[in-house]
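One structure is given here, and the rest of the page talks about it.
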Amino acid sequence: MAPERVEGHMLRALQEAQAAAERGEVPVGAVVAGPDGQLLAAAGNRTRELSDPTAHAEMLVIRRACALLGSERLINCDLYVTLEPCPMCAAAISFARIRRLYYGASDPKSGGVEQGPRVFNQPTCHHAPELYPGIGEPEAAAILKAFFAGRR
């Protein structure tokens with residue numbers, strides 16, 4: 001994918017993360033791009049707003065993109081997320097057959113991709129996306145740090 005498109009999609013995910021922070025949600029944003037690179041869905045965390053522990057940004061955009069395409073699989077689609085996905089989201093990414101996963105900040109505490117259980121490395125994982133960590137990492141980390149600093 002063209003670098004400017006990757007940057008543009010991550011910028012949109014960062015905007016979704018900032019909007020989530022303004023709603024009092026943990027600031028994580030995500031975007032799904034279709035096979036042609038066009039934006040299919042964008043969302044930020046809404047776990048508090050929806051009283052739903054599964055309403056992570058990744059889950060919301062996967063649901064919206066699947067509904068838009070009328071399929072439970074997002075073959076040849078790419079996911080951009082500001083924070084390393086947790087194990088729940090990593091499993092959903094695998095089940096959705098996401099082609100590429102671009103993410104910003106690593107999550108040593110709750111990550112499920114390169115931290116913790118490393119979902120995509122398990123023999124029970126049916127599909128692993130191509131991984132591109134560290135995209136927009138400084139900006140994503142800054143949004144998270146500012147949010148949690150304001151909570152302490």
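In this chain, residues are counted from 1 in sequence order.
- In this structure, CE on M10 lies 12.5 Å from CD on E16, to the nearest 0.5 angstrom.
- Linking Ile, Leu, Val, Met, Phe, Trp and Tyr whenever their side-chain heavy atoms come within less than 4.5 Å puts F148 and V81 in one cluster.
- Inter-residue side-chain proximity for L74 and C66 is flagged as met; some heavy-atom pair is nearer than 4.5 Å.
- Side chains of P129 and R99 form no contact here, defined as non-hydrogen atoms less than 4.5 Å apart.
- A distance of 10.5 Å separates CG in D36 from CG in N76, rounded to the nearest 0.5 Å.
- Side-chain N or O atoms of H9 include one that pairs as donor or acceptor with a backbone N or O of G37 at under 3.5 Å.
- Side-chain contact check for T82 versus P27: every heavy-atom pair is 4.5 Å or farther apart.
- With a 4.5 Å cut-off on side-chain heavy atoms, V119 and V113 do not count as touching.
- At distances below 3.5 Å, at least one donor-acceptor pair connects side-chain atoms of E84 with backbone N or O atoms of Q115.
- Of all heavy-atom pairs between G29 and A17, the closest is N-CB, 3.5 Å.
- A 4.5 Å side-chain heavy-atom check between L40 and C77 finds at least one atom pair inside the cut-off.
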| message | Checking R12 against L39 for the side chain to side chain contact (heavy atoms under 4.5 Å, CB included) test, could you report, in this order, the C-alpha distance in whole Å, the side-chain angles of both residues, the deciding distance, and whether it holds? | response | CA-CA 10 Å; R12 177 63 189 274; L39 178 76; 3.4 Å; yes
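- Hydrophobic clustering keeps V26 apart from L50 (ILVMFWY residues linked when any side-chain heavy atoms are closer than 4.5 Å, directly or through intermediates).
- No single ILVMFWY cluster, assembled from side-chain heavy atoms under 4.5 Å apart, contains both F95 and I98.
- The closest side-chain heavy-atom distance from E58 to P85 is below 4.5 Å.
- M59 belongs to a hydrophobic cluster with M88, counting contacts under 4.5 Å between side-chain heavy atoms of Ile, Leu, Val, Met, Phe, Trp and Tyr, direct or through other members.
- Using modelled atom types, one finds no donor on one side chain facing an acceptor on the other under 3.5 Å when comparing S51 with R46.
- One N or O on the side chain of Q122 and one on the backbone of P117 form a donor-acceptor pair closer than 3.5 Å.
- Checking E114 against S106 by side-chain atom types alone, no donor-acceptor pair falls below 3.5 Å.
- The two residues R63 and D52 make their nearest non-hydrogen contact at NH1-OD2, 4.2 Å.
- The shortest heavy-atom contact between G104 and A140 is CA-CB, 4.5 Å.
- The backbone N or O of H127 sits less than 3.5 Å from a side-chain atom of S94, completing a donor-acceptor pair.
- A donor-acceptor pair shorter than 3.5 Å cannot be found between the side chains of N45 and T47.
- Remark: Y132 pairs with Y102 by the ring-ring contact (aromatic ring centres under 6.0 Å, His included) rule, at least two apart or across chains.
- Open room surrounds CZ on R48; 12 or fewer heavy atoms of other groups in view lie less than 6.0 Å from it.
- At a threshold of 4.5 Å between side-chain heavy atoms, the hydrophobic network of Ile, Leu, Val, Met, Phe, Trp and Tyr places V61 and L69 in one connected group.
- The minimum heavy-atom distance between A42 and V31, with the atom names listed, is CB-CG2, 4.0 Å.
- One distance of note links CG of L101 with CG of D78; it measures 9.5 Å at 0.5 Å rounding.
- Remark: R23 engages E49 in a salt bridge, criterion side-chain N to carboxylate O under 4.0 Å.
- Distance check: I62 CD1 to R64 CZ gives 12.0 Å after rounding to the nearest 0.5 Å.
- Note that CZ of F147 and CD of Q18 are 10.5 Å apart. Values are rounded to the nearest 0.5 Å.
- Of all non-hydrogen atoms in F120 and A90, the two that sit nearest each other are CE2-O, 3.3 Å.
- From L144, atom CG reaches atom CD of E139 across 12.0 Å, with rounding to the nearest 0.5 Å.
- The minimum heavy-atom distance linking S110 with D107 is given by the pair N-OD1, 3.1 Å.
- L60 and L14 are members of different hydrophobic clusters when ILVMFWY side chains are connected at heavy-atom separations under 4.5 Å.
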